[in-house]
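These notes concern the structure reproduced below.
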Amino acid sequence: MNNEELFLKRFKLFRTLVVASEKPEILELCLPYGELCSFSACRDVENIDAQQPPHIVLLFLDKDLGTAEECMQKLKILPYWQLLLFAHDPKSPSVMAFALKYRAFGLHAIPRSKNELVGALASVMPPMIERLQESSRAAQLHKIAEMGPAKLLFGSGGQILYLNGRAKKLFNIDRMKEGNDAVAKLLEPLNESGKKRVLRTVEYEEKSLMICKEEEGSGKEALFTILELDGSGSTGAASHVTRIEFIDRLKDKMAQRIDASVPLFLLMIRMKNFAQIVEEFDWMTAHDIQKELNDLLLKAFENFESYGLWQPDMALLLFENGLPEEMKKRISLFISQMHMQEFTDNIVPAIEFTLIEIGSSDLNAVINLIEKEYAGSLSVADTKAFDIYKISSSSDTPEEPDILRQFLTNIMTGRLPLKLLNIYKGLPISTPTKILKMEEDKIIVTAEKIQKFVMDIEKEVVLQSAHLPSDIHADVHFVDAARPLAILKHLKTMKTSINNRKHTRVTVTSRLPITLKIDKSHYTGYVHDISINSIAILFNLDKFEENELKERRAEVSFKLPWENEEGFVNITVTASVLFNRNEKEFHKVIVLLEPDDLSESYIFDYIYKRQKELIKEIKSRL
């Protein structure tokens with residue numbers, strides 16, 4: 001990958017604002033690098049949305065620095081990350097003084113070519129990437145802190161310096177100053193112990209709490225970790241272990257098995273709408289739902305060997321003995337109990353269960369199976385040594401209209417969040433909606449203009465909500481051209497979520513020929529749609545037997561439109577066939593790609609440009 005391609009890939013991560021008295025010609029060189037590159041005249045800077053400030057500001061200076069001074073005063077309200085200055089005479093003392101005053105990262109001459117612009121912007125990329133990574137790490141640490149046990153940080157004077165979300169909820173404290181005396185009194189015996197680490201059980205408002213105190217070496221601050229105990233004085237931590245501890249127990253259990261005929265089961269329990277709950281509510285709500293689900297699991301499944309959290313949205317249970325049919329009955333019983341449970345904020349968890357009977361496989365094979373199942377990339381070859389049974393909570397949800405109607409009635413009366421979703425030529429179109437009226441076999445919903453356009457073309461739509469047991473498919477009966485309304489009919493639950501697609505994929509604009517090479521055989525077809533990691537190829541009907549090519553190693557060669565002398569770039573990528581089958585008028589082959597960095601950047605750029613074309617197409621037809 002050359003420097004410009006590497007820069008292109010990085011530049012699109014950031015919002016860039018070009019500020020000048022007049023729109024500079026050089027802006028045309030900046031725009032191809034991403035839709036996030038925008039222009040503002042100095043007088044309009046104050047109108048920029050402070051909720052989505054630019055990461056990089058490119059300020060073009062006039063010979064009179066008075067306008068630039070005025071502009072910088074307005075830019076102060078935007079928390080941008082870096083400032084780059086461009087001037088006709090960058091070595092002028094007054095210009096250099098201006099750059100020092102406002103702590104510009106770089107001062108450059110007005111660029112006359114794309115290469116000069118790339119050179120100037122590339123200089124700021126390393127600190128920008130570093131700050132982006134640091135921001136991401138900080139966000140992850142914050143999530144971990146908020147989802148973990150209750151934590152308080154006390155200063156030497158007994159004042160609360162920090163509480164995480166769990167602590168605020170436990171002690172019913174909105175701000176740090178509130179309730180300080182009551183909490184300080186509770187923690188006083190541990191503070192006076194004189195030891196740097198103390199573990200003690202205390203009573204607080206009819207709750208049993210286990211408190212761990214850890215004091216810094218200076219003795220100025222003390223961190224308290226608090227766990228709520230149940231009536232038996234157990235936090236459940238003995239059974240609920242970390243991922244590493246679970247692997248360790250699994251390893252021991254597999255090593256201790258002398259008789260391979262004694263069944264050993266793994267049960268994967270995944271909350272498929274965990275990310276959706278986080279998006280519509282917050283991490284704490286998702287964590288509370290997970291905790292309520294875990295409590296229900298511990299009651300429903302007894303005599304397990306170990307219980308661990310593999311991912312934030314997936315738990316694992318390890319069982320020894322028992323029969324497969326007995327395990328399946330227990331799963332079905334749990335699903336029926338779950339449907340009667342009232343979870344926080346009336347949210348309905350969408351749970352997927354995968355029961356794995358471990359045979360004589362080794363530990364690495366089991367871990368590989370779990371990881372691939374979680375990633376959705378499990379192949380037939382991966383499952384040969386295991387017996388696997390899958391079921392989701394929505395599979396056992398009765399599909400009678402009155403049951404589905406009850407969920408939708410709860411959403412309508414409670415004014416709960418609901419979205420409409422269409423995938424238009426690979427471009428997701430999703431907007432909020434409200435249920436206005438429910439009839440016997442239809443519902444009337446609000447619909448924004450862009451959603452109505454896509455719904456009218458596709459004649460179908462998907463309803464999504466954290467308050468539904470699964471995504472709901474509906475036919476579009478009527479779209480009101482004058483009002484923001486639509487009528488939907490034939491509602492039914494979907495077995496899999498439309499969000500299961502791992503990468504954005506778009507349909508291509510024209511017939512793009514593609515060659516599929518398997519061993520010494522070459523087959524020519526056409527690209528139907530493409531994503532960063534896969535391509536759907538169309539061939540003539542009955543070209544192959546169904547799944548004849550499944551899991552075969554392959555190589556694909558095709559051309560993508562590109563702005564160069566030839567008008568295209570040649571791409572050759574190694575791949576593996578996911579599946580192949582006849583579909584109506586053609587035979588479809590899906591291949592999983594293994595692109596190098598250069599090929600990935602070309603594909604990424606094509607997908608990005610194609611999405612822009614689709615957006616432009618929709619806007620032109622609204």
Side-chain angles (χ1 to χ4, degrees), residues 35-36 38 44 47-49 51-52 273 276 279-281 345-346 348 399-494 497-499 501 504-509 529 607-622:
E35 196 177 52
L36 301 180
S38 58
D44 298 325
N47 297 326
I48 295 171
D49 185 4
Q51 298 301 314
Q52 281 201 318
N273 58 343
Q276 188 177 355
E279 179 185 347
E280 293 185 13
F281 297 89
D345 292 332
N346 293 319
V348 182
E399 290 198 19
E400 287 80 3
D402 56 333
I403 300 295
L404 194 53
R405 187 182 182 84
Q406 185 59 52
F407 280 114
L408 296 172
T409 301
N410 291 341
I411 289 174
M412 181 176 69
T413 56
R415 298 182 179 180
L416 303 174
L418 183 66
K419 287 183 179 180
L420 298 174
L421 172 65
N422 289 87
I423 306 294
Y424 178 71
K425 298 182 181 180
L427 182 70
I429 306 294
S430 179
T431 57
T433 185
K434 293 179 182 177
I435 301 175
L436 301 177
K437 186 178 179 182
M438 295 184 62
E439 298 179 355
E440 187 170 342
D441 60 341
K442 302 183 185 75
I443 64 170
I444 302 174
V445 298
T446 61
E448 296 183 14
K449 196 173 182 180
I450 187 172
Q451 201 80 47
K452 288 198 303 177
F453 166 77
V454 183
M455 288 165 62
D456 196 35
I457 292 175
E458 298 191 337
K459 303 302 181 187
E460 62 180 355
V461 71
V462 173
L463 290 90
Q464 291 187 320
S465 173
H467 303 278
L468 289 169
S470 64
D471 290 353
I472 305 297
H473 178 275
D475 293 334
V476 177
H477 178 64
F478 172 74
V479 174
D480 194 317
R483 296 177 297 171
L485 302 175
I487 300 176
L488 310 180
K489 64 177 183 178
H490 300 154
L491 278 72
K492 59 183 180 181
T493 57
M494 298 176 67
S497 172
I498 200 168
N499 289 331
R501 51 171 60 196
T504 299
R505 60 178 184 264
V506 293
T507 55
V508 298
T509 49
D529 59 56
I607 293 171
Y608 173 74
K609 288 177 179 176
R610 181 69 181 121
Q611 286 181 312
K612 288 176 66 176
E613 289 174 0
L614 290 170
I615 293 170
K616 188 181 292 185
E617 175 189 330
I618 293 172
K619 287 182 177 178
S620 68
R621 297 174 66 179
L622 289 178

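Numbers for residues simply follow the sequence, beginning at 1.
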Task: Steps toward side-chain contact (heavy atoms from CB on, under 4.5 Å) verdict (Arg610, Val508) - done: CA-CA 8 Å; Arg610 181 69 181 121; Val508 298; 5.6 Å; no
Open item on the list: Set out, in order, the CA-CA distance, both residues' side-chain angles and the distance that settles salt bridge (charged side-chain N to carboxylate O under 4.0 Å, His left out) for Glu613 and Lys616, then state yes or no.
Closed with: CA-CA 5 Å; Glu613 289 174 0; Lys616 188 181 292 185; over 6 Å; no
TODO: With side-chain contact (heavy atoms from CB on, under 4.5 Å) as the test, would you mind laying out the steps for Glu458 and Ile423 before giving the verdict?
DONE: CA-CA 9 Å; Glu458 298 191 337; Ile423 306 294; 5.5 Å; no
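Distance check: Leu420 CG to Gln451 CD gives 5.0 Å after rounding to the nearest 0.5 Å. With values rounded to the nearest 0.5 angstrom, Leu488 atom CG is found 10.0 Å from His477 atom NE2. Here CG of Asn422 is found 10.0 Å from CD1 of Ile450. Values are rounded to the nearest 0.5 Å. Rounding to the nearest 0.5 angstrom, the gap separating the CD1 atom in Ile472 from the CD1 atom in Ile411 is 8.0 Å. The distance from atom CG of Asp480 to atom CD1 of Ile487, rounded to the nearest 0.5 Å, is 8.0 Å. Taking OH from Tyr424 and CD1 from Ile615, the interatomic distance works out to 12.0 Å, rounded to the nearest 0.5 Å.
Residues Ile618 and Ile429 are in side-chain contact: their nearest non-hydrogen atoms beyond the backbone lie under 4.5 Å apart. Here the side chains of Leu491 and Leu408 are in contact, with some heavy-atom distance below 4.5 Å. Leu436 is listed as a side-chain neighbour of Thr446, based on a closest heavy-atom distance under 4.5 Å. In this structure, Gln464 and Asn273 have side chains that are not in contact, with every pair of non-hydrogen atoms separated by 4.5 Å or more. Using a 4.5 Å cut-off on side-chain heavy atoms (C-beta onward), Leu463 and Asp471 make no contact. Counting heavy atoms from C-beta outward, Ile444 and Glu439 have side chains that approach closer than 4.5 Å. Taking 4.5 Å as the limit, some side-chain heavy atom of Pro432 sits within range of a side-chain heavy atom of Glu448.
Checked by atom type and distance alone, the side chain of Lys452 pairs as donor or acceptor with a backbone atom of Arg483 at under 3.5 Å.
Within the structure, every pair that satisfies the salt bridge (charged side-chain N to carboxylate O under 4.0 Å, His left out) test and touches residues 414-435, not counting sequence neighbours, is listed here: Glu279-Lys419, Lys425-Glu617.
When the side-chain contact (heavy atoms from CB on, under 4.5 Å) test is applied to His490, the partners found at least two apart in sequence or on another chain are Asp475.
What you find for Ser465 and Pro417 is that their closest heavy atoms are OG-O, 2.7 Å.
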